[in-house]
Student: 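My structure is below; once you've seen it, I'll send some questions.
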Amino acid sequence: MISGYVECGKIELARNFFDAMPQRNNVSWITMISGYSKSGNINLARELFYQIGERDLHMYNAMITCYSRNSRPKEAIELFNQMLSLDVDIQPDEMTLASILSACSQLGDLRFGTWLESYMRKIGIEMDDHLATALMDLYAKCGSIDKAYELFHGLREKDLVAYTTMILGFGINGKPINAINLFEEMVDAHIRPNLITYTGILTAYNHAGLVEQGYRCFMSMMENGIVPSADHYAIMVDLLGRAGRLEEAYKLIKGMPILPHAEVWGALLLACKLHCNVEFGEIAAQNCFDLEPETTAYYSLLANIYADVGRWDDAKMLRKKVMEKGMAKIPGSSWVESS
DNA sequence: GTAGGGTTAG
């Protein structure tokens with residue numbers, strides 16, 4: 001019952017059912033924690049986790065995974081260390097290590113990562129494809145792209161996540177051509193790219209400055225029934241904009257079936273700065289101001305465009321605005337971590 | 001009685 005509710009996203013119903021249960025076994029606690037994890041509710045997951053009297057490996061795994069997949073790598077590693085400590089002393093398994101490796105690459109902590117690799121050997125955890133993929137991601141994020149590719153090459157079965165990880169890895173390591181080649185290999189292998197894969201491949205086309213090919217890829221994405229997110233549009237606007245095709249970029253934004261976020265307009269604004277275009281620059285900037293009034297970078301960009309074309313008074317006025325906004329931040333609580 | 005934990009972006 002709980003898992004059924006969790007699967008269709010009815011987490012409150014699952015909780016009601018859970019609360020009404022006279023006796024809760026391990027599985028029900030784990031189902032509830034992973035349900036909160038999937039819906040991004042770290043606090044409720046943690047609350048439940050610490051209500052458990054006797055915690056086993058699977059419960060630790062559920063909570064560590066919750067931290068890791070919700071971008072709390074430090075807390076994931078903290079709990080992992082707690083698990084290894086003498087007063088808990090539970091030996092991790094493949095599942096634990098996959099989540100911890102992910103936390104590690106989120107932090108870009110290669111030293112802890114290589115320690116984990118030898119630790120795995122020490123306690124006899126065999127490197128399966130999931131673990132190799134997580135390790136691949138770590139190496140790629142830390143700049144060891146050759147080591148990442150070695151691991152990729154050694155996979156028993158290259159699946160969607162493996163290809164996507166490697167494509168993203170080539171992308172962040174400045175190897176767009178390798179990313180593009182791998183994407184083609186993936187399509188040939190009949191593995192269907194998802195939204196994340198397209199983020200990687202479109203970024204690669206962008207970095208390689210391959211406008212036509214990138215545009216074609218974006219179109220084929222939609223033909224394959226994958227609906228681009230605002231992030232994908234932002235990449236496309238950047239690609240077209242950097243090539244000086246500002247009007248096309250603008251039209252792409254206007255034709256979006258979803259609301260463009262500030263990053264989309266910001267990409268156009270940046271392109272307008274590169275090409276000293278006031279016309280679209282003003283439109284892009286106005287949208288950025290409306291969407292994110294507190295981000296001063298947008299005001300500066302427009303000010304720089306004005307300066308480029310000799311409109312000093314307009315530039316000055318905007319720079320004054322930036323100063324005022326900067327000052328206004330000081331008495332506030334902008335340095336308090338938001339969560 | 002039944003239900004569970006892994007890897008990819010932002």
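Sequence lines set the chain letters: A, B, ... in the order given, protein chains first and strands last, and positions in each chain run from 1.
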Student: Out of B:dA3, B:dT8, B:dG4, which has the shortest distance to the side chain of A:S102?
Tutor: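 In terms of side-chain proximity for A:S102, the closest of B:dA3, B:dT8, B:dG4 is B:dT8.
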Student: Send over the distance from A:R69 CZ to B:dG6 C1', rounded to a whole Å.
Tutor: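 That distance rounds to 10 Å.
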Student: Base of B:dG6, side chain of A:N61 - is there a donor-acceptor contact under 3.5 Å?
Tutor: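 Between B:dG6 and A:N61, which were checked side chain against base, a qualifying N/O pair under 3.5 Å is absent.
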Student: So what does A:N26 hit on the nucleic acid, given a heavy-atom distance under 4.0 Å: a base, only sugar-phosphate, or nothing?
Tutor: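 Answer is nothing: A:N26 stays at 4.0 Å or more from every strand.
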Student: By the 4.0 Å heavy-atom rule, please label A:I196 as base, sugar-phosphate, or nothing.
Tutor: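 Here A:I196 touches the bases of the nucleic acid.
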Student: Need one value for A:T164: base, sugar-phosphate or nothing, where a base atom within 4.0 Å counts as base even if backbone is also close, heavy atoms only.
Tutor: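 Base: the residue A:T164, judged by heavy atoms under 4.0 Å, touches a nucleobase.
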Student: Whole angstrom is fine here: how far is it from OH in A:Y67 over to P in B:dG6?
Tutor: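 Interatomic distance, OH of A:Y67 to P of B:dG6: 16 Å.
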Student: Would a line drawn from the ring center of A:F218 to the ring center of A:Y198 be shorter than 6.0 Å?
Tutor: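 No, they do not, as the ring centres are separated by 6.0 Å or more.
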Student: Quick one: which of B:dT8, B:dT7, B:dA3 gets closest to the side chain of A:D159?
Tutor: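 Given the options B:dT8, B:dT7, B:dA3, the side chain of A:D159 is closest to B:dT7.
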Student: State whether the distance check finds a donor on one side and an acceptor on the other, under 3.5 Å, for side chain A:D128 versus base B:dG6.
Tutor: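 Per atom types, the contact qualifies.
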Student: What nucleotide among B:dG5, B:dG6, B:dT8 has an atom nearest to a side-chain atom of A:E94?
Tutor: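 The nucleotide sitting nearest to the side chain is B:dG6.
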Student: Give one of base, sugar-phosphate or nothing for A:M21, where a contact means two heavy atoms less than 4.0 Å apart.
Tutor: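 A:M21: base contact, heavy atoms under 4.0 Å.
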Student: Would you mind reading off the distance between A:H130 atom NE2 and B:dG6 atom P, rounded to a whole angstrom?
Tutor: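 In whole Å, B:dG6 P lies 10 Å from A:H130 NE2.
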Student: State yes or no: are the ring centers of A:Y298 and A:F289 separated by less than 6.0 Å?
Tutor: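 Judged by ring-centre distance (under 6.0 Å), A:Y298 and A:F289 do not meet the cut-off.
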Student: If you only use heavy atoms from C-beta on, which nucleotide in B:dA3, B:dG6, B:dG10 is closest to the side chain of A:S99?
Tutor: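 Taking heavy atoms from C-beta onward, the closest nucleotide is B:dG6.
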Student: Need one value for A:I33: base, sugar-phosphate or nothing, where a base atom within 4.0 Å counts as base even if backbone is also close, heavy atoms only.
Tutor: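 No contact at all - A:I33 keeps every heavy atom at 4.0 Å or more from the nucleic acid.
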Student: Apply the side chain to side chain donor-acceptor pair (under 3.5 Å) test between A:T164 and each candidate in A:T199, A:T133, A:T197, A:D137; give the one that qualifies.
Tutor: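 So, applying the side chain to side chain donor-acceptor pair (under 3.5 Å) to A:T164 and each of A:T199, A:T133, A:T197, A:D137, only A:T197 qualifies.
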Student: Provide, to the nearest angstrom, the distance between the CG atom belonging to A:L135 and the P atom belonging to B:dG6.
Tutor: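 The answer, rounded to whole Å, is 19 Å.
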Student: Once you round it to whole Å, what is the distance between P of B:dG5 and CG of A:L79?
Tutor: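 For the pair A:L79 CG and B:dG5 P, the rounded distance is 17 Å.
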Student: Specify whether A:Y250 and A:F280 have parallel, tilted or perpendicular ring planes, treating 30° as the upper limit for parallel and 60° as the lower limit for perpendicular.
Tutor: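 Rings of A:Y250 and A:F280: tilted, 30 to 60°.
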Student: Within the structure shown, what part of the strands sits under 4.0 Å from A:S3 by heavy-atom distance: base, sugar-phosphate, or nothing?
Tutor: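 Sugar-phosphate only.
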Student: Distance check: side-chain N/O of A:S34 vs OP1/OP2 of B:dG5, anything under 4.0 Å?
Tutor: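 It does, given that an N or O in the side chain of A:S34 lies less than 4.0 Å from OP1 or OP2 of B:dG5.
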Student: Just how far, in rounded Å, is C1' of B:dA9 from CG of A:L202?
Tutor: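 A:L202 atom CG is separated from B:dA9 atom C1' by 12 Å.
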Student: Select one nucleotide: of B:dA3, B:dT8, B:dG6, the one nearest the side-chain heavy atoms of A:T31.
Tutor: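 Ranking B:dA3, B:dT8, B:dG6 by closest atom to the A:T31 side chain puts B:dA3 first.
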Student: Looking for any heavy atom pair under 4.0 Å, which part of the strands does A:L160 touch: base, sugar-phosphate only, or nothing?
Tutor: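 Counting heavy atoms under 4.0 Å across all strands, no contact is made by A:L160.
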Student: Just wondering, more than 12 heavy atoms not from A:I123 lying within 6.0 Å of its CD1?
Tutor: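 More than 12 heavy atoms, drawn from other residues, nucleotides or ligands, come within 6.0 Å of this atom.
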Student: Show your reasoning for whether ring pair (Phe, Tyr, Trp, His ring centres under 6.0 Å) applies to A:Y215 and A:Y205.
Tutor: CA-CA 9 Å; A:Y215 202 79; A:Y205 280 121; over 10 Å; no
Student: Check every atom of B:dA9, B:dA3, B:dG5 against the side chain of A:T199 and return the nucleotide holding the closest atom.
Tutor: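 It is B:dA9.
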Student: Starting from P on B:dG5, measure out to CG on A:D93 and report it in whole angstrom.
Tutor: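 After rounding, the gap between these two atoms is 13 Å.
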Student: Measure the distance from CD1 on A:I172 to P on B:dA9 and round it to the nearest whole Å.
Tutor: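 Answer to the nearest Å: 8 Å.
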Student: OP1 or OP2 of B:dG6 less than 4.0 angstrom from a side-chain nitrogen or oxygen of A:K38, does that happen here?
Tutor: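 Answer is no, no contact under 4.0 Å.
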